[in-house]
Amino acid sequence: MPVTVFERMSRIARDTGAINLGQGFPDEPGPESIRRKAAEAVVHGLSQYPPMMGIPELRAAIASHYARWQGVTLDPAEEVMVTSGATEAIAAALFALLSEGDEAVLIQPMYDAYLPLVRRAGGAPRFVRLAPPDWRLEPEALKAAITPRTKVVVLNNPLNPTGSAYGRADLEALAEAMAGTDAVLVSDEVWEHVTFDGREHVTALSVPALRDRTVKIGSAGKMFALTGWKIGLVCAAPHLMRALARSHQFLTFTTPPSLQAAVAYGLEREDAWFAPMRADLQRKRDLFSDGLRAAGFTPLDTAGAYFLNVDLAPLGVDDDLAFCDRLAFEAGVVSVPVSAFYEENPVRSVARFCFAKHDRTLLDALERLARFRP
Ligand code: GLN
């Protein structure tokens, strides 16, 4: 398996002391009330294996959260599972749903875990390719990639790294492209609460034609700025969930109970966290994007997820790997080359920056970027 680009770029940041806008994580610790709950649960002695599917309080909290926020009805006993991070959920889904030779449709640029896991599951990837500046997902391209042999379609919505967010019409077009196959949609919605400009996230589970053929994956890490806790939230119809649970039992079996209890508390009691989080991230997006423009760069639009992409083509850059290395070593700012998210025919002229950082860190990075000439 390849070395993940996040590990490589974070290592460069550690080794050189450069500002790390590469790997996506906020530089704040998340809500104090939730962290206190975790500490209390540890002191209280929640130390042994919790139930394989997740603690009942958290499964109930997940179902009620999505009912409140996204208008979907889920049975917590049959349709909800907790995993050790969304990445485990993706692995569990792909291992459960793919057999040797089954086709899996992946949309490039794709989150870097998808392809190695599809291959490890024996799946045969088929790619839909998006390109800057608007990364449009054409229904025709989806139709062309989906065949009677397709067993899985993976959609990341909002999409990391592009920052695109897909709405109801896009999901309906996807449902239409999947009609007549028995493919399952693995809907990676970890950025569901990180959407901007008043945009409301539309879950694939709310599209009737997708309701019972979707595995929806969420992340407490992205919801509450707790990325290191590795709590994944999985929702799917009972027949799919039963298959995923088989996978999960042999991957991690379960997830730390103290952290599950704290996330359950957060989902039940911290609804007030989300609006300020979105507003603050949107303000940071604008601050960083305005600063980039002032420094002579061409930022692309971000509708969701806390990443801003810079189009390097106007600067004549056609090797994003070399650009990102030079930016790290010479200017002291770590980003991620977007070609790392492609397998075939990569776009080599875009760099991704994480803006979920303190203002002073973003301003410092902008100063360094303004002095840097590719
Ligand atoms: N989701 C994070 C990102 O896109 C990285 C997670 C990881 O390092 N595996 O940057």
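Below, all heavy atoms of this structure are taken into account, side chains as well, without hydrogens, waters or symmetry copies. Both ligands and their constituent atoms are indexed starting at 1 by order of listing. Count residues from 1 along the sequence.
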Strictly under 6.0 Å, is that where the ring centroids of Trp229 and Phe224 end up? no
So does Arg293 pair up with Asp290, basic N to acidic O under 4.0 Å? yes
Lys222 and Glu192 ion-paired at < 4.0 Å: no
Other residues, nucleotides and ligands only: do more than 12 of their heavy atoms fall within 6.0 Å of CZ on Arg36? no
Flag if over 12 foreign heavy atoms under 6.0 Å of CD, Gln48: no
Taking every heavy atom of Pro109 against every heavy atom of Leu159, the minimum-distance pair comes out as O-CD2, 3.5 Å
If you look at each N/O of ligand 1, which protein N/O atoms lie under 3.5 Å away, and at what distance?
| unit_1 | atom_1 | unit_2 | atom_2 | d |
| --- | --- | --- | --- | --- |
| ligand 1 | 1 (N) | Lys222 | NZ | 3.4 |
| ligand 1 | 4 (O) | Asn160 | ND2 | 2.7 |
| ligand 1 | 4 (O) | Arg352 | NH1 | 3.0 |
| ligand 1 | 8 (O) | Gln23 | NE2 | 2.6 |
| ligand 1 | 9 (N) | Tyr111 | OH | 3.2 |
| ligand 1 | 10 (O) | Gly24 | N | 2.7 |
| ligand 1 | 10 (O) | Arg352 | NH2 | 2.7 |

